[in-house]
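Following: one structure in C-alpha cells, then a few remarks.
Letters A, B, ... mirror the listed sequences (proteins, then strands); counts begin at 1. Worth saying up front: this structure is predicted, and the values here are computed from it rather than measured.
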Amino acid sequence: MKRDSLSYHIIRNVLLFCAALFFITFLVYYYFTRNTIKETTQVNAVLLADKTVSRIEQELLIAQNIPENLGWMLESANLQKDSILQFLKEIVQNNPNIYGSSIAFEPDFFLEEGRYFAPYAYRDGDMVKTMHLGSESYEYFFMDWYQIPGMLKKPYWTEPYFDEGGGNIIMSTYAVPFYIWDNGQRVFAGIVTVDISLEWLTEFIQSVKIFDTGYAFLLSANGVIVSHPNRDYIMNQTIFTIAKERDDGHLISIGRGMVAGESSFTHVDLLAGGNYSMYYTALHSNKWSIGVIYPNREMYAPLRRITIILFAIIILGLILLCVFIIQNVNSITAPLKQFAQSAKTIAAGNFETQLPEIKTRDEMLELHNSFEFMQKSLADYVIQIKETTAAKEKIESELHIARDIQMGMIPHIFPPFPNLPQIDLFAVLHPAKKVGGDLYDFFLIDDSRMCFVIGDVSGKGIPASLFMAVTRTLLRSVADKKDTPADIVTKLNKSLALNNESCMFVTFFLGIIDLTTGEVEYSNAGHNPFILVRAENSEYQVMAPGMVLGAFEDIQYTNERLVLKPDDVIFMYTDGVTEAMNQQHKLFGEQRLLEIVGESGELPVTDLINSTLNGLTGFVDGYEQSDDITILALRFLASQQ
Amino acid sequence: MISLFQVLAAGQPAKIRFAPQWTAQAQFAGYYVALEQGFYADAGIDLEIIYPNAGKSVLKLLETGEADVVSLFLTTGIKAKANGVDLVNFGQLSQHSATMLVARKSAGILKLADMEGKKIAIWKSGFDELPRWLIAKNNLNVEWVPVLYSVNLFLSGAVNIMAVMWYNEYNQILNSGVDESELSCFFLSDYGFDIPDDGLYCLENTRKEKGKLLAAFLHATLKGWEYARQHPDSTLELVIGKMKQAHLSANLTHQKWMLEKVLELIKLAPKNVSPGELSEQDYNEAIELLYQQGFISTKIPFQEFFQPTTKTAK
C-alpha cells in the first residue's frame, strides 16, 4: 500500500485510534484489577494471619490459665506444700500441651527445705516424672523465667529455648508470679510455670501456605526467628541479624514494628524471589509476632495470564480490523482510481470516455453524476469555444483588412512630394489596437498651398476607426480651394454633427501652408497645441481652443496665422504621445516631449519623429500602449521664389 | 630433666588441654584457627579444646588438672590466685577492657550520674569488679541485680541498665531490635579502667615443667589470631562450624561483630607492651581495684603473677 494513498491514511488513523482506545481500556482494566487482586490478597492475608493468631492464642490461653489458677490457689493457701509435686504431676498428665510445670519459691522460703524449693513435674517420653529444681549449679532465682516476671510483677512468656533433655524441642515457659499474705502484707513468694513445647506451633505456622512460595513465620518478643521455612534461621537468627547480613534497613524497620507488637502491610525484597508483600501482626498473649509473606509474582499470576490473553485478542482484533478496513476502503475507493483515470482521459480531450459504474447510492454516485455532468458541459463548452474561435478568427481577419483599408486612407509614402523641396514632412500613426481613431492627412490644395491635418477621435477600436474614416473622407470632399481652414473645419463639423447618432467627436487641427511664403493659416477644433520648433527655441503654440468636431452642428471656427521662417518645424501629435504611461503609471507629459523635440529640432523630420518615438519607447519601457500614437512633423525649408 | 624429657618427646607432639571461659564463639577464634591451620601441630603441640559447663567452671577445670591451660579475665585470675589457686599468667592476649554499661536513653539515663538509685543488671558469675568499681568511684547508690548470661532482663524492661561485653551482650541487645541511638554507652576504658580481659593461665607447676611448650603454645596462638585478622571470612566459617558442632545457636552477624571487636581488644596500642605481655601498670590498677573493693586481702606482686615463658623484647 502506498504511504500517500487514501487507504493508508484511513487504515493508519483508524488503527492508531483503535490501538490507543484498546490500550487505555486495558490500562484502566489492569489498574483496577491489580488493585482488586492486591486488596483481596491483603484481606486474605489478614484473615489468614488473624486465623493463625487466634488458633495459637487459643492454645496459649489454655496454657496460661493453669499457672494463673495455681497462683491464685497458692495465694489463698489452698495448696499444701507436700501435695504440690503430685498436683503438678497431674496437671502435666492431664494437659498434653504442657511439657512441664513447676512452682518455684523464693530462697529459703521454707526453712526446712533449705535455700531452694521448686517442685517440678515434666514429661519424659510417655512418662511424667517429678524432681526438685535448684542447686548450686542451677540457681533458678537468676533464670529468666523466674527473675523477669518476679521483677516485672506480671506474667511472662520466656524467649524460646531448646529443651536440653527432650531432644531439641523448642520450648517456651509461661511464668506467673504468686504472692502470699504475711502479717497482712501481700508478699512475692515465687513463680508458677508451665513449659510449652512449640513444636506444634512451628509445625502449624509452617503448614500455612500462601500460593506456592508464600509462607508465614514467627518472631519472639526479641525478634528471634521461632518458625520459618528455612530451618537454619530457627533460634539462630533474629530478624535484625538477617537484616544486617543483607544490609537491609527496611527489614530492620519491619523487625522493629513486629517487636513493638504492631500490625502492618509492607513489602520485602527477598534475595531469591524479588518482590514480596507482607503482613504482620502480634500475638497478644506472649508479645510474639507473626509475619505472612506472599509473592507478588504469584499474587498477580492470574492477572498476567489474563493480560497475555487480552493482548493476544487485541492484536488479533487489530489485525482483523486492519484486513476489514483494507477490504472496505479499497472497495469504496476503487471507483476513485477509475475516476482519476477517466479525468486524465477527459483532460486529454476524450469526452466520451466510459465512467466507472456505481451501484451504490452514496457520495460516489454524486461524484459519478458530477463527472458525467462535467463531461457533458466540457463537450458543449468545447463546441462553443470552437465556434467562438472561428468567429473571432473571422473578425480578426476582417480587422486586418479594416486596418489595411484604414492605413490605406492616410498617406504613407515619404517624402510625399519629391518635387516640392520647400517642405520636409513625415508622419506616423501607431494604433493601440488593430484599428485606431487617430488620423493625419496632407494634400496640395493648389500649386502653392498644402493642407495638413491631425485628429483624434473619441474612443478607440472599430467605432473610432469608422468615425476617423468618415472624418477623413468628409475632409477631402469639403476642402475647397477658396476655403480658409476655418471654413473647412466649420463645414466638416456640420457634416459630422449631422446624424451623429453615436455621439462621437473628434479633436481636429487643420492648417494650410503657403509654400511660397511659409505663411500658415490654421484652425483648431479642440486638438492639442503643436510645438513650433525654431532654431532659437521650441515652444507650444498658443492658439484658440475651439470646440471638438461632431458635438454641435452650428459652431463657427476661427482662423489663426503664423509665418514660418526657413527651417521652422511644426510638430503635431495626439494625446497618445503625452499621455503614454510607464510601469509607475507616470505620464510621458508635454514637458518631456518639448525637451526631446527641442533637442532633436535640427534633425530632418524623419529622424526627429524617430528619436521622439525612441524617447517614448524608452519611457514606457514595455508598458502596454493604451492609446493611438500619431505624430506629424512639417519643416518649412525655404521659398523657391 | 625437663629438657631431656622434651627432647625425648620431640618425635611425638605433646598434649595440651586448653579450656576457654565459655562455649565456642568468635571470642576464641584465634585458638580454632591455630588448630585448623596446624600452627599448634607445627609447634609440636597436640591441642585438645575442652569447655566448661554449668557445673564446672573453667577455674575448676584448671584446679582439677582436667585442663592444662585456661583463658581467664585478669581480675578473675588475680582473685583466684588470691584465694589460693596456684596459677600464673603466662601470656596476656587482650590488652583492653571490653566491659561497658549500657542504658536506655528512654529511661532518662544519659550520663553516669543518672544511674543514681537505679537497678543495674550485672553478671552473677564474675567480671563484675570493673562496673562495681566505676559506680563506687563515682559515689553512686545503685541496686545491683545479679543475672546469669542473658540480656532478656534488660530487653524485657525489668532493668534499664546492664553491664555487658562490647563484643557480646551489647550486640545481642542491638540484634534484638534496639537501635544504637536508643542506648547510652559507658565504656570502662573511657573512665580510666582499661584493664585487660582474656589472658592465658596455667598452674605454677605446669609453668615450671612445660615452660617451652607453653611458649610455643602462646606463639602459635598469637599466630592464629593474626591469621584470623587477615582471613575473617574463613575464620567465621570455622567458628560457626564449631558452634554448630556443639549444637549452639550460631549467628554469623553476631560472630562477625564479636570477631571484629575481640581483634580490636588484642591490639597493643596505645599500651607500651609486646604481644603476649601483661602491662605491669594495668596489673597494679587491677590489684588496687580488687583490694579496695575487698575482693582480695593481699596484693600479690606482679612478678609472682605474670611469668612469661620467654623474655619478649619491647
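- For A:T238 and B:N175, the side-chain atoms include no donor-acceptor pair closer than 3.5 Å.
- For B:V151, no part lies near chain A; criterion is any non-hydrogen pair under 4.5 Å.
- Counting non-hydrogen atoms of other residues, nucleotides and ligands closer than 6.0 Å to CZ of A:R231 gives a total of 12 or fewer.
- Neither the backbone nor the side chain of A:Y138 comes within less than 4.5 Å of any heavy atom in chain B.
- A salt bridge links B:K124 with A:E139: at least one charged nitrogen is closer than 4.0 Å to a carboxylate oxygen.
- Remark: the A:D144 side chain and the B:N152 side chain contain an N/O donor-acceptor pair separated by less than 3.5 Å.
- Side chain of A:Q237 to backbone of B:L252: no donor-acceptor contact under 3.5 angstrom is found.
- Proximity to chain A is absent for every atom of B:K56, based on heavy atoms less than 4.5 angstrom apart.
- Atom NZ of B:K105 has more than 12 neighbouring heavy atoms from other residues, nucleotides or ligands inside a 6.0 Å radius.
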Does the side-chain contact (heavy atoms from CB on, under 4.5 Å) test come out yes or no for A:K244 and B:N171, once each step is laid out?
-> CA-CA 12 Å; A:K244 285 174 187 175; B:N171 193 42; 4.1 Å; yes
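- Interface remark: B:L174 contributes backbone and side-chain atoms alike to the contact with chain A (heavy atom separation under 4.5 Å).
- Counting non-hydrogen atoms of other residues, nucleotides and ligands closer than 6.0 Å to NZ of B:K118 gives a total above 12.
- B:N251 contributes atom CG, which lies 10.5 Å from atom OH of A:Y233 (distance to the nearest 0.5 angstrom).
- A 4.5 Å side-chain heavy-atom check between A:E245 and B:K256 finds every atom pair outside the cut-off.
- Listed here is the closest heavy atom pair of B:S249 and A:M235: OG-O, 2.7 Å.
- By the 6.0 Å contact criterion, CD on B:E237 is open, its count of non-hydrogen atoms from other residues, nucleotides or ligands being 12 or less.
- The greatest number of non-hydrogen atom pairs below 4.5 Å with chain B, out of A:T241, A:L219, A:I252, A:V259, is found for A:T241.
- With a 6.0 Å radius and a threshold of 12 heavy atoms from other residues, nucleotides or ligands, B:Q230 has its CD atom above the threshold.
- Of all the listed residues (B:T253, B:V147, B:N53), the one sharing the greatest number of non-hydrogen pairs under 4.5 Å with chain A is B:T253.
- For the pair A:E159 and B:L155, the minimum side-chain heavy-atom distance is 4.5 Å or more.
- At most 12 non-hydrogen atoms from other residues, nucleotides or ligands lie less than 6.0 angstrom from CH2 of A:W72.
- Considering CG of B:L148 and CE of A:M143, their distance stands at 6.0 Å, rounded to 0.5 Å.
- For A:F240 against B:S176, the heavy-atom pair with the smallest separation is CE1-C, 3.2 Å.
- Judged by distance alone, with hydrogens and angles left aside, the side-chain atoms of A:N236 form a donor-acceptor pair with the main-chain N or O of B:A250 at under 3.5 Å.
- For the pair B:D179 and A:R256, the tightest heavy-atom approach, listed with the atom from each and the gap, is N-NH1, 3.3 Å.
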